[in-house]
Amino acid sequence: MININEKNLEFHLKNEQISYIFRVMEETEIMEQLYFGASIDEYDQYDFLIERESKPGNNQIEGSQITNLDDIKQELPVYGTTDFRQPALEIVYPNGDRISHFAYDRYEIRQGKMRLKGLPSTFGSSEDVEILVIFLKDRYSDMEVELHYAIYKDFPVITRQNIIRNHGTTTYQLESFLSLNLDMPNENYEWLHLHGAWAREAQLSRDKLIIGTQQITSTRGASSHMHNPFFALATPETTENQGRAYGFSLIYSGNFLAQIQLDTYDIARIQLGINPFQFSWELAGNASFTTPEAVMVYSENGLNGMSQTFHNFYKEHLINQKWVHKTRPVLINNWEATYFDFDEEKILTIASKAKDLGIDLFVLDDGWFGTRDTDDGSLGNWTPDLRKLPNGITGLAEKIVDLGLQFGLWFEPEMVSVDTPLFSEHPDWRIGNPKKHISHGRNQFVLDFSRPEVVENIFEQMDKILSTAPISYIKWDMNRYISESFSATLGRKNQGELFHRYILGVYALYEKILDKYPGLLIESCAGGGGRFDSALLYYAPQAWASDDTDAVERLRIQYGTSMVYPLSSIGSHVSEVPNHQVGRLTSLEMRANVAMFGTFGYELDITHFDEAESAEIRKQIKTFKNYQTLIHEGDFYRLKSPFGNNETAWLVVSKDKKEALVGWYQVLAKPNPAYQRLRLTGLAAEKTYIVNEDGQETLRKGKDLMSAGVLLGENLINRSEGEQSHKRYGDFQSRLFYLSEK
Ligand code: GLA
């Protein structure tokens, strides 16, 4: 997959779907980007991809009359080379200058990619993936940069990761080191990304690229509710099902920068990596620094093609393989049913009813430790509250397991409240400068996870619980951002390392827990989707997508989240009505029909349900379990977007195309509505499918379902009056169609 023209030093990474080409530029020996897109042939030389015109009025690099780097597409732009755009690597030298020149030295090819420790990254066998490593040497120091390009055989994907090594004894200061720089000719691109806030995560926006810089970032210590570390570029003609799109995703949970700088020569400089904001890293002698990995996807099949690549790629090459083909438990979580107000008896009543309904796992949420009756204390004191749970977590968990359920438990490991022994004993373990203000968020403070002893303390506390109770699942929450970054132990020069060291500490704790409890299923959460990123999927194969569980809001949140993340990772529950976030009343059916396109579970007080409601839940769980493998392992296609529309539709098709499940949703009812039909996609044209809606079956050819579609109105011919079913009557409607090959 890696072809090298040794003479011209041109590098072509190629599989059946994509090509990525760059070369060593004459004179400067920097890496020049030539092409990323659909697979092209191998040539003896790629001169035809080189764009070089004299641009008057620019600076020329020393010794040349023609070369300025300001309009040259590059792989690793640095400062001080006549390129005035944003660099991808910036170093401060001991005398304070920032002028670097990283020139090509050699390359290496490696087969296979190991699962890394300490920093989540993609992995694959030597048959699946090859890595090209380009070594660049700084002309002014003993520093060396490695550019790692991984190409996967079966995916239109290249991943990028960079390492800088200081082979000398002088100390340097890294001010920025991005994971990905890609300079691409603009083609009237539009950029898509996911933005939001608490309870309305993953809202999709799409705008024309404009000259100048557009960026999304996090400065909050977590990838954040506000922006997801993902964006895509698509041509204006690109739709869900057709057209060209490039997707970029960063495998990182901390502060990130995702930026496109469109210059006046119509080159888009695409950058993704750790946010240089407040970042500064001391690179001592013999030390090295590794960036997070960035993933680039190319699609010729529209945004669905891009998303399916992300889904399948992350399932095969990022998420812990243990979970990919394993059926996830249908769970019930007590949060919206009880909040902090519960005791053992109440929990056992919910759990036994849950068992009766067919639920697999009970999750005890916040409020089981210390004396936590509200959200104002006890975080960091992970000892069971014996007032509520006289038999502790062990006693409760054993009773729940005796009922025939698995048991799961909520933790918020990274936080501390001031009323805890942990805080009294170690006030300096809290992030912030004690001589200045330290803001609280939900009355709590962030522990300094850059310090191994802090991580160790929390590990020991969690271990005490996990080793003494039958716990199969953890919900790992994180409910506030870091607002005044300062660590008691990092010196003046090293405070800029805190955000990154913090997130490395989080990864370290995940690893310690999973090393000791490899069978544990972890769902990550950050006040909903505040840290829904690919890095955490490396440890926790599912994430709570939002605290907003309203079915209508969830259409947008799940649709947006599916741009990058597979349905098997999208935590989704049927919750209480009126909904606790927006007060909306939707039917149990609508709530389940939305939640099914995710991990599926319940989060409401089921104890007051009558027989009819209980029967409906039993049926929903049965339905979900029938379709679970299809939903979690099939290919997902978005059909109609909820953004700005009254209707939403999507479907998931099994890999062998023998089955599919369609979800259709309508928010508000319309009087005397227009005809509606839904054209499907992704089916096998020649297969005949049994289309089953609630037991009513019709036979249809795949190609017919993809052209004529499913008619959503009614056909009253030959029906008597009074037989009208008013399928679209009332607000918040949903329908599921299950297709199976005849
Ligand atoms: C966060 C989570 C919720 C719940 C609460 C508990 O908001 O997102 O699901 O666990 O914390 O305090």
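Just so it is clear, the values below take in all heavy atoms, side chains as well, and ignore hydrogens, waters and symmetry mates. Counting starts at 1 for both ligands and their atoms, following the listed order.
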Could you go through the salt bridge (charged side-chain N to carboxylate O under 4.0 Å, His left out) check for K399 and E345 one step at a time?
CA-CA 11 Å; K399 286 184 190 158; E345 202 191 325; over 6 Å; no
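None of E201, M226, H225, Q203 except one satisfies the side-chain contact (heavy atoms from CB on, under 4.5 Å) rule with H195; the exception is Q203.
Near ligand 1, heavy-atom contacts under 4.0 Å come from W335, D365, D366, W410, R442, K475, D477, N479, C525, G527, G528, W544, D547.
A donor atom on one side chain and an acceptor atom on the other are found under 3.5 Å apart for E414 and W476.
For residues 513-526, the set of pairs meeting the side-chain hydrogen bond (donor to acceptor under 3.5 Å, both in side chains) definition, not counting sequence neighbours, comprises K117-D515, D463-K516, D463-Y517, Y473-E523, E523-Q542.
Taking a 6.0 Å sphere around CD of E453, one finds it holds more than 12 heavy atoms contributed by other residues, nucleotides or ligands. When the shell of 6.0 Å around NZ of K625 is examined, it contains more than 12 heavy atoms from other residues, nucleotides or ligands.
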